[in-house]
Amino acid sequence: MSAHPQILVIDDELQILRALRTILGQQQYTVHVAHTGEEGLALAAAIQPDVIILDLGLPDINGIEVCSRLRTWSEVPVIILSAHENDQEKVAALDAGADDYLTKPFSADELMARIRVALRHRARTSGAKAAVIQAGNVVIDLAAHLVTRAGAPVKLTATEFKLLAYLASNAGRVLTHQSILTHVWGYAEDSQMEYLRVYIRQLRQKLEENPRNPQLILTESGIGYRLMT
Amino acid sequence: MKPFFLILRPLWRVIAAVLTVGGYSVLLILLKDYFTTSIVALLYLVPVVVSAAFWGGLAGITASILSFLIFNYYFLHPVYTFAVSQPQDILAMFVLLGVAMLISNLMARAQQRLQLVQAREREMRQLYELSAALTGQTDARRVMHILAQRLETIFPGTVAEIQVDTAGMRFAIREPDEPVQHPAANPVRVPLYASRGQIGQIVLYGHANVISLDQERLLQTCASQGAVALERAILAENETRARVLEESDKLKTAILSSVSHELRTPLATIQASATSLFNPDVEFDPEARGELQALLIEEVEHLTQLVGNLLNMSRIEAGALKLQCQWNSLAEIVDTAMRRLRRSAARQRIEVDVADDLPLVYVDQVLMEQVFVNLIGNSLKFAPPETPIRVSALLEGASMQVTVSNQGPPIPAEHIGHIFEKFYLIPGMDSMRGTGLGLSICQGIVEAHGGKIWAENLEKGVAFRFSLPNVSQDNLAGLLPEEEE
């Protein structure tokens, strides 16, 4: 077993595989490759990778199904790759347990950033949960229910804190509207979206340097939100 | 039930004739002393004519015979017997019978002719109504519906089914649209013949098994009218389909010619830069190397955007634009669009005047962001450097009015109505890169949201404006529940 993080790439496009193998190999990752969903699932069970990169357009089974089948026995972070036109599919895959997504075409920087977040998140979930999260000059102490910005305490309402806490405990990862609504409000209905928009604006006004050019809480159009650390 | 009524109806007529003659006879018997027998014989023609006129031949003949008998019994000597003593009375009696029968017969024939004429007239009216209803129909299903409805009116109590089976289509329409109660009962089938052979058939369920010759003739006429209308509609549909295909073919040609240039330019840059970087004989200094790499990235981004535009356009064209509408903050959408435009907007100042506490709008976040990216991107392309671009949104009445304005050159009046058309480029401005897709995508997206988009020349510059109709009732402050901090 190599000490380098193991990455499993499930994609049927040879050129993409070739590029990813080279790029990831350069970054000291050990790369495994599967061309179909079934092969990917089998390989995932055999090598127990640290991160899975999964293309949604596989020839045999739907990427969403790969996610949900994987989730029945594994918590390994899954980053999905998808073509631009199927936003709905991305959301479905995320709701089925994928951790993050990249839209083709994507840059190597974006891919690396996502992989780093996924690895960090994996380390965090497998070990003790981080109680203190730092994002820019904002520090979120989940245990103490304390949020400071540049050292000064920030007053948040209960819902604002709940929302921020959920974003923070998944720092760096995209969270779908649905999962945010379910975690913070307990149920996900279209009408609840209005509250989510309002609370996100409130949080940005309290935490961002410039709420109109947010650096901490990013909007992922059509998908959800992401807290950057 | 029906046959029973059919027997009863002539019976009632005969009874009516009997009653009329009987009543009339009572009156005559009471006034017996005032009339001679020959006058009475003459007077008996009245109930006969009345019966024949009102209740037809059978009633007329019944009235004739009854009058003959009563006249004999009550008025001819010896009275209260059917015997006749005077020979002249015998003559009067048989003249009455003869004339009465003749009149009945004539009246009945006139009646029949009238009924025939009325039936013809009704038929003509029904056929006229059918042809009027079918005129100008270009939708085959609609034609079938009309035909079935008319048939159901013309033949009450039946279920009319129209079946069409041609190369292009195969379906059936039934009126009233309910399951046939006795599908086994022999339906009446009439083929629909058009100029190129049979295109389907009419099936009439629930009609009495035997239909009269007249009804069959009517049904045939309806069928031939229906077949002609149906054929016309099918041909029209085929023609429309052919035209759509031709249009889309033209569109594809236009896309190819417009896009191939746009695709080649970045591809040429990419090829040149990549092969240079790959050339082992050339030592690039870091600056040149960086420049080539930056070019690669920029041109790839350019290509990506182009492909995205083409995809969006083809989806709008195909009517496949599925809106994922949610309540969205317009400010958030503009801010996200600005983030995407950050790099290309470096040379210009973009002033955003979209308050973040405006009421939410019910829109597709991704597509609406694309509208802003395209409109602002368009302004960035045409406005001179260092001039500001303004993005603003205001609530006007029940809709949100959005404006993206720049200080670029005015759009010539003859072009301003066309700039939202696909591939429309203003002549003389083609030094700019463009496919003429950005604005038509904006239009497609805004209209899919039920809004309108247009361009206006300002005193200084150009404004692109669009409206969004689905705006939430409350502004944001009103939405927020009170909560302890």
Side-chain angles (χ1 to χ4, degrees), chain A residues 83-92 103-109 147 153-163 176-178 181 185 188-206 208 210-215 217-226, chain B residues 297 300-301 303-305 307-309 311-312 314-315 320-340 342 352-370 372-373 472-485:
Chain A
H84 180 64
E85 58 262 42
N86 37 23
D87 274 328
Q88 278 319 97
E89 216 177 19
K90 267 182 274 188
V91 174
T103 304
K104 286 181 180 175
F106 51 86
S107 74
D109 296 350
V147 179
V154 180
K155 281 186 180 177
L156 296 179
T157 68
T159 312
E160 283 166 4
F161 183 80
K162 217 168 160 188
L163 174 58
T176 63
H177 295 133
Q178 168 124 11
L181 290 177
W185 280 273
E189 272 173 32
D190 201 32
S191 55
Q192 290 295 108
M193 280 299 295
E194 302 179 54
Y195 295 112
L196 179 54
R197 303 290 182 209
V198 175
Y199 277 100
I200 289 288
R201 168 173 167 266
Q202 297 278 106
L203 276 182
R204 280 176 176 159
Q205 283 183 337
K206 291 183 180 178
E208 299 276 1
N210 173 4
R212 299 304 298 273
N213 183 14
Q215 304 296 320
I217 302 171
L218 299 190
T219 302
E220 298 279 342
S221 297
I223 311 271
Y225 291 96
R226 185 196 301 273
Chain B
I297 292 169
V300 165
E301 276 173 5
L303 273 181
T304 307
Q305 198 192 336
V307 170
N309 270 346
L311 279 176
N312 275 332
S314 67
R315 259 186 290 169
L321 202 61
K322 288 205 190 70
L323 298 186
Q324 304 290 338
C325 285
Q326 285 171 325
W327 287 111
N328 273 290
S329 152
L330 209 53
E332 195 177 341
I333 292 178
V334 175
D335 295 345
T336 320
M338 292 291 293
R339 198 179 165 84
R340 269 171 65 184
R342 214 170 16 188
V352 177
D353 181 18
V354 180
D356 66 357
D357 59 352
L358 280 173
L360 297 175
V361 283
Y362 196 69
V363 295
D364 184 306
Q365 193 177 16
V366 178
L367 294 176
M368 205 37 70
E369 190 179 304
Q370 191 63 47
F372 281 104
V373 168
S472 86
Q473 297 286 317
D474 307 303
N475 72 356
L476 293 201
L479 267 175
L480 201 66
E482 289 283 321
E483 236 185 332
E484 284 284 308
E485 289 202 339

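In the text below, chain A, chain B and the rest are named by the order of the sequence lines, each starting its count at 1. Everything numeric here is computed off the predicted structure, so don't read it as measured data.
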Side chain of Glu208(A), backbone of Gln215(A): donor and acceptor closer than 3.5 Å?
yes
Heaviest contributor of heavy-atom pairs below 4.5 Å to chain B, chosen from Glu220(A), Met193(A), Gln205(A), is Met193(A)
Minimal non-hydrogen separation, Arg339(B) against Asn213(A), with atom names
NH1-OD1, 4.2 Å
Heavy-atom distance under 4.5 Å to chain A: side chain of Val354(B), backbone, both or neither?
both
Passing option when Phe372(B) is tested against Thr336(B), Leu330(B), Val352(B), Asp335(B) for side-chain contact (heavy atoms from CB on, under 4.5 Å):
Leu330(B)
Among Pro211(A), Ser107(A), Gly222(A), which residue forms the greatest number of heavy-atom pairs with chain B at distances under 4.5 Å?
Gly222(A)
Look at the side chain of Gln326(B) and the backbone N and O of Gln365(B), then say whether any donor-acceptor pair between them is shorter than 3.5 Å.
no
Report the residues that fulfil salt bridge (charged side-chain N to carboxylate O under 4.0 Å, His left out) with Glu89(A), sequence neighbours left out, ordered by chain and then residue number.
none
For Asp364(B), is it the side chain, the backbone, both, or neither that has a heavy atom closer than 4.5 Å to a heavy atom of chain A?
neither
Given that the side chain runs from C-beta out, which part of Leu218(A) has a heavy atom under 4.5 Å from chain B: side chain, backbone, both or neither?
side chain
